[in-house]
Amino acid sequence: MVTMFFKKAEKPPETRPLVIGPIQRLLTLSEPFVSPENPLGDIADALLVADVISGHILWLGPSAELPKTYHDAPRQGMVGHGFMMPGLVDCHTHPIFAGDRAQEFEARLAGKTYQQLAEEGGGIWHTVNQTRAASEAELRALAFDRCQQALRLGVTTLEAKSGYGLTLEDELKSLRVIKRLQEQEHDKLPMTIVPTVMAAHDVPKEYEGRTEEYVAHICDVILPAVASENLAVFHDVFCDAGYFSREQAKRVLEAGLALGMVPKLHAEEFTNQAATQLACELGAASADHLLCIDEVGLQALVASGGNTVPVLLPATAFFLGMTDYAPARRMLELGLPVALASDFNPGSSNCNNLLAVMAIACLQMRMPIDAVLRAVTVNAAKALRLEGSRGTLSVGKRADLVQFVARSPSQLLYDWAIPNPVSAVWVAGHRVHVNEAAFA
Ligand SMILES: [Zn+2]
């Protein structure tokens, strides 16, 4: 008690409040505003107070209830009309690559499958060759543009995988691109980019017929080098027929876990390998794709209690011209925290637009609009283990916000093909993008 009495009063941390609003309609997706009648936690005529030093939310609520302490703080209004919500989270992308696969598009339309193209030396292999030939600076410039496009489309947090290098040197090169974008270009590209190593994206040609040896190379050489440079938060494996077996995926994921990286898994995309159960067993943050998931896999996700998030990537099925999608509605019935992501990559999902993915989720998987909004915010943040700071708006969370020109979420998705309905983006309380064209 004595020490407490004499303990010097700690200097309160310096804050610089900025009052954002009035906001016609603010979707908080958070307590105490969410209720059965108000599933997205809407506040009409709202204000949000951000601390522009720490980037956190200090207060939010109806304009009439703004605490006196903030009455004289600087204000920044909305940009035109519309609604605001948490910045979008794209929790599964592959943006570090050179070249494109436009030449395969026609071949696919003529009837060739993704797997046939890969067997003929195209597919991922085509992109691997181009990515290996590119310098780190070239890859960085390409990735910068792709991430900036995503930011302008409302994405404030983005997961980015390596996986087009497939050698020690080229995987490190790809992951250094992500690290340098965050460390050196953050002023120009102020989004959060979360790195994932995915050396087990495919078996490189030089290891053809020797998958086991490549798996050992990943476990013994690539992952330790990535960990020693602290280049990845997550690690991921493409577990499917013709790629990596369940047993091989397990070995890679266990090796990464031992190095402190959190597993993710490309699971049940083209075939069912019981990969979802493996993801849950290893405490993976997510199991992604899940087109071929069965009831056992679904129950494993239920039993994980939300620890392993199902991440659905419907733009991939759409871009590959598939007719079957992941069973999103069944997952929602089971109470699973379904997330959506773009899977942006040059081969199977040339779509860097999360808003288009949301529309595809509504139209092809019949996901209700409320569920779609949660899938690209709170649940996507959960798939990146960032739900403590992102994906919802409440006091203490980051003031990452997107404003749409639409009146409501349903109008946003109904108007799915308008070029860019984002009118402004805030990151950590700073307005980082204004799209004049949206509200002109
Ligand atoms: Zn992927």
Side-chain angles (χ1 to χ4, degrees), residues 89-97 100-101 104 114-115 117-118 123-128 131 143 146-147 150 155 157-166 171 174-175 178 193-203 218 232-244 249 252-253 256 261-271 273 275-276 278-279 284-293 308-320 322 325-326 338-354 356-357 360-361 375-376 379-380 383-384:
V89 178
D90 194 344
C91 64
H92 181 142
T93 84
H94 303 254
I96 317 298
F97 63 89
D100 63 47
R101 302 240 281 276
E104 283 180 11
Y114 187 69
Q115 289 90 333
L117 288 161
I124 290 179
W125 190 244
H126 178 81
T127 304
V128 168
T131 305
R146 292 166 188 151
C147 292
V155 173
T157 301
L158 177 130
E159 183 256 16
K161 300 178 202 292
S162 69
Y164 290 112
L166 311 184
E171 286 297 299
S174 300
L175 291 164
I178 302 170
I193 306 174
V194 182
T196 298
V197 53
M198 196 176 177
H201 195 187
D202 199 356
V203 180
I218 295 173
V233 174
F234 295 98
H235 65 306
D236 199 341
V237 178
F238 193 172
C239 180
D240 217 316
Y243 294 87
F244 296 92
V252 173
L253 294 181
M261 292 182 274
V262 182
K264 283 181 163 283
L265 193 56
H266 281 59
E268 343 292 14
E269 181 178 3
F270 299 114
T271 57
Q273 303 284 328
T276 309
L278 174 66
S286 65
D288 303 42
H289 283 292
L290 308 179
L291 279 76
C292 302
I293 194 169
T308 300
V309 173
V311 175
L312 309 186
L313 311 165
T316 310
F318 182 78
F319 193 70
L320 293 178
M322 296 162 82
Y325 285 76
V338 175
L340 286 166
S342 68
D343 194 21
F344 173 54
N345 76 79
S348 63
S349 178
N350 186 27
C351 173
N352 196 12
N353 182 341
L354 197 54
V357 176
I360 295 169
V376 292
N379 294 345
L384 297 179

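Heads up: numbering here begins at 1 and tracks the sequence. Counting starts at 1 for both ligands and their atoms, in listed order.
Here Asp288 pairs with nothing under the salt bridge (Lys or Arg N to Asp or Glu O under 4.0 Å) rule; sequence neighbours left out.
Within the protein, the N, O or S atoms sitting under 2.8 Å from the Zn ion (ligand 1) are His92 NE2, His94 NE2, His266 NE2, Asp343 OD1.
For the residue pair Thr316 / Asp343, a side-chain donor-acceptor distance below 3.5 Å is found, with atom types taken as modelled.
Other residues, nucleotides and ligands contribute only 12 or fewer heavy atoms inside 6.0 Å of the CZ atom of Phe318.
Note on ring orientation: taking the six-membered ring where Trp is involved, the planes of His289 and Phe238 are parallel (angle under 30°, cut-offs 30° and 60°).
Taking 4.5 Å as the limit, some side-chain heavy atom of Val357 sits within range of a side-chain heavy atom of Leu354. Put simply, the side chain of Phe97 does not reach to within 4.5 Å of the side chain of Val128, judged on heavy atoms.
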